[in-house]
Amino acid sequence: MRILYSCVFYLLLPFILLRLLWRSFAAPAYARRWAERFGFFPYLRTTKKVVWLHTVSVGEFLAALPMIRRLLADESLQLVITTTTPTGSERVKATLGDAVFHVYAPYDVPDALARFFARINPTIYLVMETELWPNTLAACARRKIPAILINGRLSERSARGYARFAALTSPMLNNLSLALIQNAADAARFSQLGLPEAKVCVTGNIKFDLTLTDELRARATELKAKLAVAGERLVWIAASTHQGEDEIILDAFSAVRKKLADCGQSLLLILVPRHPERFERVGQLCEARGFTVLRRSRAEISADMDILLGDTMGELMLLFGASDMAFVGGSLVPNGGHNFIEPAAWGLPLFSGEHLFNFAEVSSLLAAADALDIAHNADELTTIIHGFCASEELRKHKGQNALRVAMENRGALDKTLAQINAILK
């Protein structure tokens with residue numbers, strides 16, 4: 001089956017390269033460093049144990065960052081971090097620099113993997129959440145390299161997809177040495193797909209173990225004072241939005257502003273598209289609607305702007321800290337939602353669309369704690385936002401509920417590191 005899978009990959013390779021080329025038009029970084037994806041890069045020279053961690057893109061890298069910092073504190077270890085996307089690569093380099101060895105992940109075919117393994121010689125392989133590849137895990141098994149799934153999650157939708165390829169999925173899961181999974185429901189779905197129960201360990205979600213540093217809090221307070229014009233206006237952040245959501249958000253923003261104007265209140269929108277290639281397009285959409293837009297990357301904060309476009313990388317936590325309420329995107333369209341834990345850690349009242357299958361457990365915890373409101377359209381979104389604008393007490397109540405959920409679910413990081421260290425010893 002793996003041989004058939006590899007043959008199919010090679011047959012599709014011209015289309016994969018064309019897709020890379022096509023994506024490079026919107027995001028030029030995709031046109032660079034192609035050789036790394038085929039396992040061509042300088043050899044890693046070290047006498048330390050090599051920990052290979054794969055994080056697909058920015059979200060997975062940031063989720064893994066507390067774990068990475070803990071592993072870096074062990075001087076006997078050399079970390080190799082791979083990503084798939086250029087934005088993930090840029091965030092690794094900007095955050096960690098030379099503290100880690102970083103390249104793109106190799107394509108999941110035997111020759112690329114052989115070159116990759118020869119160049120880094122890993123002691124252990126850690127992979128975040130759902131990024132499982134059959135040849136990669138088979139290569140680890142043949143070389144007797146422990147492969148551990150970290151912060152594993154599997155929605156019902158993804159499980160159905162894997163089930164359609166059961167002949168490939170079950171052997172792939174069996175090549176995992178251990179699966180550290182966020183919750184019991186996801187663990188059950190992994191087991192139904194063929195992951196042996198002896199390899200399953202429910203550890204919780206390490207995304208709850210983030211830390212808001214004093215330096216970050218100070219920067220957020222300073223930015224908030226500028227955005228809020230010393231408390232004269234409220235700040236709403238719409239984070240990680242996808243195509244099809246921005247129009248709904250702008251409709252709701254217009255409607256709320258009209259209602260608030262009658263009461264002498266004002267509202268600023270921080271709009272943060274999920275993908276960098278959409279930054280300029282979304283900025284133009286906002287301007288076409290008649291809003292005064294300031295791009296975060298280009299100018300100082302202005303009191304007369306309507307919208308701050310979050311067109312920088314690595315600042316989402318800061319922008320959450322400078323806000324009064326948070327909408328989390330990928331949810332008004334059937335994308336599955338994004339991470340609620342970051343705004344919850346700031347104690348913000350939360351709202352989103354209905355499509356939350358990728359974050360079902362976290363969204364359920366927040367909804368049960370009366371910390372998350374769901375909107376199905378622009379009218380419902382308008383009602384939720386106006387309610388928060390009208391009541392400081394409501395914002396505080398919902399925000400405290402969100403913060404409590406974030407604090408009560410910490411501890412997964414310690415459990416995860418204990419499992420990793422047990423294998424490394």
Side-chain angles (χ1 to χ4, degrees), residues 1-24 29-30 32-41 44 50-57 59-61 64 80-89 92 101-154 158-159 161-179 190 193-195 199:
M1 179 61 71
R2 287 196 304 271
I3 294 173
L4 176 60
Y5 166 81
S6 298
C7 290
V8 171
F9 182 94
Y10 280 120
L11 287 172
L12 293 175
L13 185 57
F15 300 99
I16 293 170
L17 295 176
L18 282 172
R19 183 171 182 268
L20 269 177
L21 186 61
W22 174 255
R23 294 195 71 176
S24 70
Y30 273 100
R32 307 183 192 114
R33 297 164 52 198
W34 285 17
E36 291 178 15
R37 300 181 188 272
F38 292 91
F40 293 105
F41 55 86
L44 170 63
V50 174
V51 177
W52 171 23
L53 170 64
H54 180 55
T55 64
V56 182
S57 191
E60 292 80 9
F61 170 69
V80 172
I81 300 181
T82 56
T83 64
T84 300
T85 68
T87 52
S89 175
V92 171
F101 186 90
H102 165 66
V103 291
Y104 282 130
Y107 284 131
D108 192 52
V109 288
D111 58 337
L113 287 164
R115 286 188 290 271
F116 181 86
F117 278 92
R119 282 162 170 75
I120 72 164
N121 191 25
T123 304
I124 191 171
Y125 173 48
L126 311 177
V127 56
M128 288 291 292
E129 297 194 351
T130 56
E131 189 71 1
L132 300 174
W133 292 97
N135 281 330
T136 300
L137 292 177
C140 286
R142 285 196 301 273
R143 293 167 173 81
K144 301 190 185 306
I145 297 168
I148 304 179
L149 177 64
I150 304 294
N151 216 44
R153 62 181 174 90
L154 188 67
S158 295
Y162 276 116
R164 286 196 289 269
F165 302 94
L168 194 63
T169 299
S170 181
M172 176 182 72
L173 293 176
N174 271 273
N175 282 328
L176 282 168
S177 304
L178 184 63
F190 273 107
L193 290 173
L195 178 65
K199 296 183 178 183

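This one's a predicted model, so the numbers in the text were calculated from it and none came from an experiment.
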Contacts of Thr55 that satisfy side-chain hydrogen bond (donor to acceptor under 3.5 Å, both in side chains) - sequence neighbours left out =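 Here no residue qualifies.
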Donor-acceptor contact present, side-chain [X] to main-chain [Y], <3.5 Å:
| X | Y | answer |
| --- | --- | --- |
| Arg37 | Thr84 | yes |
| Asn135 | Pro110 | no |
| Glu36 | Tyr104 | yes |

Nearest heavy-atom neighbours spanning [X] and [Y]:
| X | Y | value |
| --- | --- | --- |
| Arg143 | Ala114 | NH2-CA, 3.9 Å |
| Pro106 | Ala112 | CB-O, 4.0 Å |
| Ile145 | Thr123 | CG2-O, 3.7 Å |

Should Arg119 and Phe40 be marked as a side chain to side chain contact (heavy atoms under 4.5 Å, CB included) after you check the CA-CA gap, both sets of side-chain angles, and the distance that decides it?
-> CA-CA 9 Å; Arg119 282 162 170 75; Phe40 293 105; 4.1 Å; yes
Working to the nearest 0.5 Å, report the span between CZ of Arg115 and OH of Tyr107.
->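 Spacing of CZ (Arg115) from OH (Tyr107) equals 12.5 Å.
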Counting only pairs under 3.5 Å, give me each side-chain donor-acceptor contact of residues 124-131, with atom names and distances, residues two or more places apart or in other chains.
from   : atom 1 : to     : atom 2 : distance (Å)
Glu129 : OE1    : Arg153 : NE     : 3.0
Glu129 : OE1    : Arg153 : NH2    : 3.4
Glu129 : OE2    : Asn151 : ND2    : 3.4
Glu129 : OE2    : Lys207 : NZ     : 3.2
Glu131 : OE2    : Trp133 : NE1    : 3.0

Only one of Leu132, Ile150, Thr82 forms a side chain to side chain contact (heavy atoms under 4.5 Å, CB included) with His54, so which one is it?
->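 The passing option is Thr82.
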For Ser89 and Thr83, test the side chains for any donor-to-acceptor distance below 3.5 angstrom and give the result as yes or no.
->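 Distance-only check fails for Ser89 and Thr83.
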Contact check, side chains of Leu154 and Leu193, non-hydrogen atoms, under 4.5 Å |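 In short, these two side chains touch, coming nearer than 4.5 Å.
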Validation row: Val50, Val80 side chains within 4.5 angstrom (heavy atoms) |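 Of all side-chain heavy-atom pairs linking Val80 with Val50, at least one is under 4.5 Å.
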For a quick test of your reading: what N or O donor-acceptor pairs under 3.5 Å do the side chains of residues 164-174 make, sequence neighbours left out?
from   : atom 1 : to     : atom 2 : distance (Å)
Thr169 : OG1    : Tyr162 : O      : 2.9
Thr169 : OG1    : Phe165 : O      : 3.0
Asn174 : ND2    : Ser170 : O      : 2.9
Asn174 : ND2    : Gly194 : O      : 3.3

Could you please spell out the steps behind the side chain to side chain contact (heavy atoms under 4.5 Å, CB included) verdict for Leu44 and Asn121?
-> CA-CA 8 Å; Leu44 170 63; Asn121 191 25; over 6 Å; no
Using the six-membered ring wherever Trp is involved, compare the ring planes of Phe117 and Trp52 and label them parallel, tilted or perpendicular (cut-offs 30° and 60°).
->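 Perpendicular.
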Could you please spell out the steps behind the side chain to side chain contact (heavy atoms under 4.5 Å, CB included) verdict for Phe116 and Thr136?
-> CA-CA 10 Å; Phe116 181 86; Thr136 300; over 6 Å; no
